[in-house]
Peer 1: 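Please see the structure below; I have some questions.
Letters A, B, ... mirror the listed sequences (proteins, then strands); counts begin at 1. Hydrogens, waters and symmetry mates play no part in the numbers below; they use all other heavy atoms, side chains included.
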Amino acid sequence: MENYNPSSIEKKWQDIWDEKGTFYASNDSDKEKFYSLIEFPYPSGKGLHVGHPRPYTALDVVSRKRRLEGYNVLYPIGWDAFGLPTENYAIKNQIHPRIVTEKNVAKFKEQLKSLGFSFDWSREINTTDPEYYKWTQWIFLKLFEKGLAYKKEVPINWCTDCKVGLANEEVVNGVCERCNGEVVQKVKNQWMLKITEYAEKLIKDLDLVDYIDRVKIQQKNWVGRSEGMEVDFEIAGKGEKLRVFTTRPDTLFGATYMVISPEHPMIKEYASDINNMDDIENYKIEAGKKSDFERTELNKDKTGVEIDGLKAVNPVTGKEIPIWVSDYVLMSYGTGAIMSVPAHDTRDWEFAKKFNLPIVEVVKGGDVDKEAFVDISTGVMTNSDFLDGLKVEDAKKKISDWLEEKKLGERKINYKLRDWVFSRQRYWGEPIPLVYCEKCGWVPVPEEELPITLPEVEKYEPSETGESPLANIRDWVETTCPKCGGHGERETDTMPQWAGSSWYFLRYTDPNNSEALASEEALKYWLPIDWYNGGMEHTTLHLLYSRFWHKFLYDIGVVNVPEPYQKRTSHGMILGENNEKMSKSRGNVVNPDEIIEEFGADTLRVYEMFIGDFEKSVPWSNNGVKGCRRFLDRVWRLQDILEDGDNYSKELESNMHKTIKKVTEDYESLKFNTAIAALMSLINDFNSNKKVNKAEMKTFLILLNPVAPHITEEMWTLLGYQGMLNEANWPEFDEDKTVDDEIEMAVQVNGKVRGKIIIPVDADKNIANEKAMADDNIKKFIEGKNIVKEIFIPGKIYNIVVK
RNA sequence: GCCGAAGUGGUGGAAUUGGCAGACGCGCCGGACUCAAAAUCCGGUGGUAGCGAUACCGUAUGGGUUCGAGUCCCAUCUUCGGCACCA
């Protein structure tokens, strides 16, 4: 027999699968459907690295297994191709981003094909294809129509040297990444999407889906629901109110000052009453240089300015209290103003200590001279008039009722989640299909005019005024108003990269439809996605954005299920051999092409699945790859010890059933590493018996097929089995045959293992005791002592406690 | 800082979810084959003591709960992901 030679085998089978359309999914099938999804890649210029195939292989394993189990499986692939790196590369090299994208996609495609994934390539999509983004624009129009898109002044990072708006990522240590120029916040009028309108549903409907816990928790915390009160504080002598949001209305008697955000509108409104306007203006400029992240950092030094000339009145104590301006209060959360209760809030406490503001204890239980007392479960109210003596929870209710009755405030639910800034001043994104008309305002482009395609431009750099490069193409910008026919101008901002990826999974169901984003039947048949795997880093943005869009489409009747993804799992990163993140600058990037060249795609696939816990990050190891190749060599050589036999041999029968069970279950629960370990053990058994019969071999090949599809197909053919392996049936196991008649049980004395006994599985304590007492070592530890207690857990442990 | 995870031999990891810690792989050591090497095959491999049976120690650190803790609780340290214009 020839040696195992993956390079010839793998190409051969990839071509056969392609020619036969083996993995094409049908929209019209009697079989039960299974839709498995991986996050479609961003085709970067660097090509695939070994991190990409990890999740792809994992769901390929699941998809292939499902096909063997008789499902109609959709496992699609596409390109999330709008984005910053391509645009920056285009700017630098003066190449059209479309050309760059085409080149990158071709490279990625070739690489993915060489890995033998069972993608349905007939459904390949690309977010930059006008036939695709037509529908991205269409969804935006629907959002606009339903009032979920609106314009708002939002600060952007502005490089004062390049005169360009920058992504957060492009701002490094407060300066521009490219030119080290100063970066300031510049306010722009931008399109926003009201994701906050869906905040409640985005939390609540997590109950409908099967996501790993940490994804659910992180999404919940990101949406950040908190129940509290909005309370009005009168501005002394003005008769007007300053409204705050608080989750601790119970501590109202302890509010000794107020803090407003530097951007709060009341500063402008009362400018003539404020004596230190210069200080406040300067403070605002300084605050503008910081990100929200820097501003709200808990352990940073607190800064602030007291407003000289205005006071507020605590509605319950009637006392006049000062109003401060500080950057730790954000305009984007709550009302942009807070009541400060230094005794019971850590940040307020630090602020009060620094500026010598009064700290009044209103909840007993801690020492507010030393630190803020924030525990709400044990405290009892004090210094709070009619709340005194109540527990915090009761006080909350009482004061909330009281405030509502007196019309001084109202119960309110707040979310940390902020609306989605949807505008980018960039070229390489979907044009926003709106026209501005002096008379009619913002008017949507009629649906039949979609897609609004990207015009050709000479430079891809944003314009010097901060507009997108599209603004310079006057004959594109200038148009007629679809409503009144008068002069109109197109929106020149483009959509963020997130737009195209917020609905791509719908397009896969019917990728060539020109009448709708997908047909009703296709959506109905395939949705929801049965299994979606992706990185944890997408939990709070992509995953939430796409759920939001899907829910919107559900509300307007486009899709028929409220949640897009039934199940969500997550993979860990693959690090370099030095245990650091793979990157060019660290010089630790491993290119999958080289691994395939030297060891074969099947080896790479087995290794990526065997490397470790799928959900954790792991360092790459070239030696580990070699070990997996050795395993496949041993698989190949099984042909040397093959014997006839249509049933499992006596000595291996129980093992075969156990392995089928283990592999079947482990593939489902992402424990590919232990599934492969079980297959390795089985092959070790074959080898120590120096034989394997046909029935055993057949089962083994099917079990291994999802991970190593090429070698198993080849061996299947060489062994003369009917048809192709991908048409075979997944093996079944007999539960009874996975259970041994006799088991070895550890016997402990005082919790330490002192011996082992062999007993029938269903043996009781008496039998165990009898066997245990026959063991010299156990006897030694019991002799001369009293048996206080015996714990016998059938099938697990026998523990004798002595004194 | 805030939110979410993780920490087990020389090394990647396993451990039926509270029941024999170290499956499987890598590396290393020894042996077979070979003139030799590679490949392959066989055996060994957490530490300490002992010829051995075996004993003691051992799952980031310090406490705790339990007959029994890698697993549960409290505190601490370290590493990783996210923090809203990277994807």
Peer 1: With distance as the sole criterion, do the side chain of E177(A) and the base of C86(B) form a donor-acceptor contact below 3.5 Å?
Peer 2: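 No, no donor-acceptor pair under 3.5 Å.
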
Peer 1: Reading RNA chain B 5' to 3', how would its secondary structure be written in dot-bracket notation, given Watson-Crick and G-U pairs with both distances under 3.5 Å, brackets [ ] for crossing pairs and | for partners on other strands?
Peer 2: (((((((..(((......[....)))((((((.......))))))((((....))))..(((((..]....))))))))))))....

Peer 1: A55(B), OP1 or OP2 - any side-chain N/O from N777(A) closer than 4.0 Å?
Peer 2: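 Yes, within the criterion.
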
Peer 1: Which is true for E39(A) with a 4.0 Å heavy-atom rule: it touches a base, it touches only sugar-phosphate, or it touches nothing?
Peer 2: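 Answer is nothing: E39(A) stays at 4.0 Å or more from every strand.
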
Peer 1: Run the salt-bridge test on K780(A) and D776(A) with the 4.0 Å N-O cut-off and return the result as yes or no.
Peer 2: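 Salt bridge between K780(A) and D776(A), a charged N being under 4.0 Å from a carboxylate O: no.
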
Peer 1: Do you know the tightest heavy-atom contact between E615(A) and I212(A)?
Peer 2: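 Looks like OE1-CD1, 3.8 Å.
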
Peer 1: Taking the same atom, C1', in U17(B) and in A69(B), what whole-Å distance lies between them?
Peer 2: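 About 12 Å, rounded to a whole number of Å.
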
Peer 1: Give the nucleotide from the list A23(B), G81(B), A84(B) with an atom nearest to the side chain of R418(A).
Peer 2: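 Side chain of R418(A) sits closest to A84(B).
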
Peer 1: Please compare M680(A) and V421(A) by the position of their nearest nucleotide in RNA chain B and report the one closer to 5'.
Peer 2: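 Comparing both residues, the 5'-ward one is M680(A).
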
Peer 1: If you look at every strand shown and take non-hydrogen atoms under 4.0 Å, does R629(A) touch a base, only sugar-phosphate, or nothing?
Peer 2: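 Counting heavy atoms under 4.0 Å across all strands, no contact is made by R629(A).
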
Peer 1: Ring centroid separation for Y150(A) and W191(A), is it under 6.0 angstrom?
Peer 2: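 That pair fails the under 6.0 Å test.
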
Peer 1: What's the closest nucleotide to the R634(A) side chain, out of G25(B), A87(B), C3(B)?
Peer 2: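 Closest nucleotide among those given: G25(B).
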
Peer 1: Please give, in whole Å, the distance from U54(B) P to K752(A) NZ?
Peer 2: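 Nearest whole value for this atom pair: 16 Å.
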
Peer 1: Provide the distance between the two P atoms, one in G31(B) and one in A37(B), to the nearest whole Å.
Peer 2: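 Those two atoms are separated by 11 Å.
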
Peer 1: For C3(B), does either OP1 or OP2 sit under 4.0 Å from a side-chain N or O belonging to R214(A)?
Peer 2: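 It does not, given that no N or O in the side chain of R214(A) lies less than 4.0 Å from OP1 or OP2 of C3(B).
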
Peer 1: Rounded to the nearest Å, what distance is computed from the CG atom of residue N684(A) to the C1' atom of nucleotide C24(B)?
Peer 2: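 Value for this atom pair: 9 Å.
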
Peer 1: Hey, would you say the F672(A) and F610(A) ring centroids sit under 6.0 Å apart?
Peer 2: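 No; F610(A) has its ring centre 6.0 Å or more from that of F672(A).
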
Peer 1: Indicate yes or no: does K302(A) engage E350(A) in a salt bridge with an N to O separation below 4.0 Å.
Peer 2: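 Between E350(A) and K302(A) there is a salt bridge, with a charged N closer than 4.0 Å to a carboxylate O.
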
Peer 1: Check every strand shown and say whether L84(A) touches a base, only sugar-phosphate, or nothing at a heavy-atom separation below 4.0 Å.
Peer 2: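 Counting heavy atoms under 4.0 Å across all strands, the contact made by L84(A) is with sugar-phosphate only.
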
Peer 1: Can you tell me which nucleotide in A23(B), C20(B), C67(B) comes closest to the side chain of T674(A)?
Peer 2: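 When the side chain of T674(A) is considered, A23(B) is the closest of A23(B), C20(B), C67(B).
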
Peer 1: Tell me whether the OP1 or OP2 atom of C67(B) has a side-chain N or O from N750(A) closer than 4.0 Å.
Peer 2: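 No, because none of the side-chain N or O atoms of N750(A) sits under 4.0 Å from OP1 or OP2 of C67(B).
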
Peer 1: May I ask you to decide whether E467(A) forms a salt bridge with R426(A), counting only side-chain N to carboxylate O separations under 4.0 Å?
Peer 2: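 No salt bridge links E467(A) with R426(A).
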
Peer 1: Hey, does E665(A) reach any base, or is it just sugar-phosphate, or nothing, if we go heavy atoms under 4.0 Å?
Peer 2: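 It contacts nothing in the nucleic acid.
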
Peer 1: Is the glycosidic angle of U17(B) within 90° of 0, making it syn, or outside that range, making it anti?
Peer 2: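 Here U17(B) takes the syn form, which means its glycosidic angle is within 90° of 0.
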
Peer 1: Heavy-atom nearest nucleotide on RNA chain B for N168(A) versus T540(A): which residue maps closer to 5'?
Peer 2: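 Upstream on the strand: T540(A).
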
Peer 1: Using the P atom in both, what is the distance from C35(B) to G46(B), to the nearest Å?
Peer 2: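 It works out to 35 Å between them.
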
Peer 1: Pick the C1' atom in A15(B) and in U59(B), then give their distance to the nearest Å.
Peer 2: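 Rounded to whole Å, the distance is 11 Å.
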
Peer 1: Expressed in whole Å, how much space separates the C1' atoms belonging to C42(B) and U61(B)?
Peer 2: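 Approximately 43 Å lies between the C1' atom of C42(B) and that of U61(B).
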
Peer 1: Look at K92(A) together with E87(A) and state whether they make a salt bridge at an N to O cut-off of under 4.0 Å.
Peer 2: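 So K92(A) does not pair with E87(A) through a salt bridge.
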
Peer 1: To the nearest Å, how far apart are E615(A) CD and A5(B) P?
Peer 2: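 Rounding to the nearest Å, CD of E615(A) and P of A5(B) are 12 Å apart.
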
Peer 1: Measure from CD on Q748(A) to P on A21(B) and round the result to the nearest Å.
Peer 2: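 Q748(A) atom CD is separated from A21(B) atom P by 7 Å.
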
Peer 1: Considering only C41(B), C85(B), A21(B), which nucleotide approaches the side chain of A167(A) most closely?
Peer 2: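 Looking only at side-chain atoms, A167(A) lies closest to C85(B).
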
Peer 1: Does Y42(A) reach a base, just sugar-phosphate, or nothing at all? Heavy atoms under 4.0 Å.
Peer 2: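 Here Y42(A) touches the backbone only, sparing every base.
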
Peer 1: Indicate whether OP1 or OP2 belonging to A55(B) is found under 4.0 Å from a side-chain N or O atom of R754(A).
Peer 2: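 Affirmative; the distance criterion is met.
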
Peer 1: K796(A) NZ to U17(B) P: how many Å, rounded?
Peer 2: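 Those two atoms, NZ and P, are 5 Å apart.
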
Peer 1: Given the P atoms of C72(B) and U54(B), what is the spacing between them in whole Å?
Peer 2: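 Between the two P atoms, the distance is 32 Å.
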
Peer 1: When we call it a touch if two heavy atoms are under 4.0 Å apart, what does H542(A) touch: a base, just sugar-phosphate, or nothing?
Peer 2: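 Counting heavy atoms under 4.0 Å across all strands, no contact is made by H542(A).
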
Peer 1: If the P atom of U45(B) is compared with that of G52(B), how far apart are they to the nearest Å?
Peer 2: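 Straight-line distance between the two P atoms is 13 Å.
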
Peer 1: Mind checking M745(A) for me? I need base, sugar-phosphate or nothing, with any heavy atom below 4.0 Å counting as a touch.
Peer 2: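 Here M745(A) touches no strand at all.
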
Peer 1: Using the ring centroid of each side chain, check whether F505(A) and Y532(A) are separated by less than 6.0 Å.
Peer 2: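 Ring centres of Y532(A) and F505(A) not closer than 6.0 Å.
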
Peer 1: Applying a 4.0 Å non-hydrogen cut-off, can you work out what S617(A) is touching in the nucleic acid: base, sugar-phosphate, or nothing?
Peer 2: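 Sugar-phosphate, no base atom in range.
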
Peer 1: Pick the C1' atom in G58(B) and in A39(B), then give their distance to the nearest Å.
Peer 2: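 The answer is 38 Å between these two C1' atoms.
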
Peer 1: Looking only at the aromatic ring of each residue, does the gap between the centers of W620(A) and Y607(A) stay below 6.0 angstrom?
Peer 2: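 When the ring centroids of Y607(A) and W620(A) are compared, they turn out to be within the sub-6.0 Å range.
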
Peer 1: Does N687(A) reach a base, just sugar-phosphate, or nothing at all? Heavy atoms under 4.0 Å.
Peer 2: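 It contacts nothing in the nucleic acid.
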
Peer 1: Identify whether the glycosidic angle of G47(B) places it syn (within 90° of 0) or anti.
Peer 2: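 Nucleotide G47(B) adopts anti.
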
Peer 1: Please work out if I217(A) contacts a base, only the sugar-phosphate, or nothing of the nucleic acid, heavy-atom cut-off 4.0 Å.
Peer 2: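 Since only primed, P, OP1 and OP2 atoms lie under 4.0 Å of I217(A), the category is sugar-phosphate.
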
Peer 1: Please report the interatomic distance OH(Y545(A)) to CD(Q497(A)), rounded to the nearest 0.5 Å.
Peer 2: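 Answer for the OH-CD pair, Y545(A) versus Q497(A), is 10.5 Å.
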
Peer 1: Where the side chain of V801(A) is concerned, which of A87(B), G13(B), C67(B) is the nearest nucleotide?
Peer 2: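 In terms of side-chain proximity for V801(A), the closest of A87(B), G13(B), C67(B) is C67(B).
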
Peer 1: Answer with base, sugar-phosphate or nothing: what part of the nucleic acid does N799(A) contact at a heavy-atom distance below 4.0 Å?
Peer 2: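 Counting heavy atoms under 4.0 Å across all strands, the contact made by N799(A) includes a base.
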
Peer 1: When you measure from the side chain of I156(A), which nucleotide among C85(B), A84(B), A21(B) comes out closest?
Peer 2: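 Of the candidates, C85(B) comes closest.
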
Peer 1: Just N and O in the side chain of K671(A): are any of them under 4.0 Å from OP1 or OP2 of A15(B)?
Peer 2: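 Checking K671(A) against A15(B): at least one side-chain N or O falls below 4.0 Å of OP1 or OP2.
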
Peer 1: Taking all non-hydrogen atoms of both residues, which atom of T127(A) and which atom of F82(A) are closest, and how far apart?
Peer 2: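 Minimum heavy-atom separation between T127(A) and F82(A): O-CE1, 3.3 Å.
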
Peer 1: F781(A) near the nucleic acid: base, sugar-phosphate alone, or nothing, with a heavy-atom cut-off under 4.0 Å?
Peer 2: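 It contacts sugar-phosphate atoms only.
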
Peer 1: Atom CG of N623(A) and atom P of G27(B): how far apart are they, to the nearest Å?
Peer 2: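 Distance, rounded to whole Å: 5 Å.
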
Peer 1: Under 4.0 Å between a side-chain N/O of K616(A) and OP1 or OP2 of G81(B), yes or no?
Peer 2: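 So the side chain of K616(A) is outside the cut-off, no N or O lying under 4.0 Å from OP1 or OP2 of G81(B).
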
Peer 1: Rounding to a whole Å, what distance do you find between K220(A):NZ and C83(B):P?
Peer 2: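 About 22 Å, once rounded to whole Å.
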
Peer 1: Ignoring backbone atoms, establish whether K756(A) has a side-chain N or O less than 4.0 Å from OP1 or OP2 of C20(B).
Peer 2: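 No, because none of the side-chain N or O atoms of K756(A) sits under 4.0 Å from OP1 or OP2 of C20(B).
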
Peer 1: Would you mind reading off the distance between L575(A) atom CG and G81(B) atom C1', rounded to a whole angstrom?
Peer 2: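 These atoms are roughly 11 Å apart.
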
Peer 1: Which part of the nucleic acid, if any, lies within contact of R630(A), taking any heavy atom under 4.0 Å across all strands shown: a base, the sugar-phosphate backbone alone, or nothing?
Peer 2: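 Sugar-phosphate, backbone atoms only, no base.
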
Peer 1: Classify the nucleic acid contact of I611(A) as base, sugar-phosphate or nothing, counting any heavy atom under 4.0 Å across all strands shown.
Peer 2: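 Contact class for I611(A): sugar-phosphate only.
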
Peer 1: Just verifying a value: how many Å separate D80(A) CG and I125(A) CD1, rounded to the nearest 0.5 Å?
Peer 2: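 It comes to 9.0 Å.
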
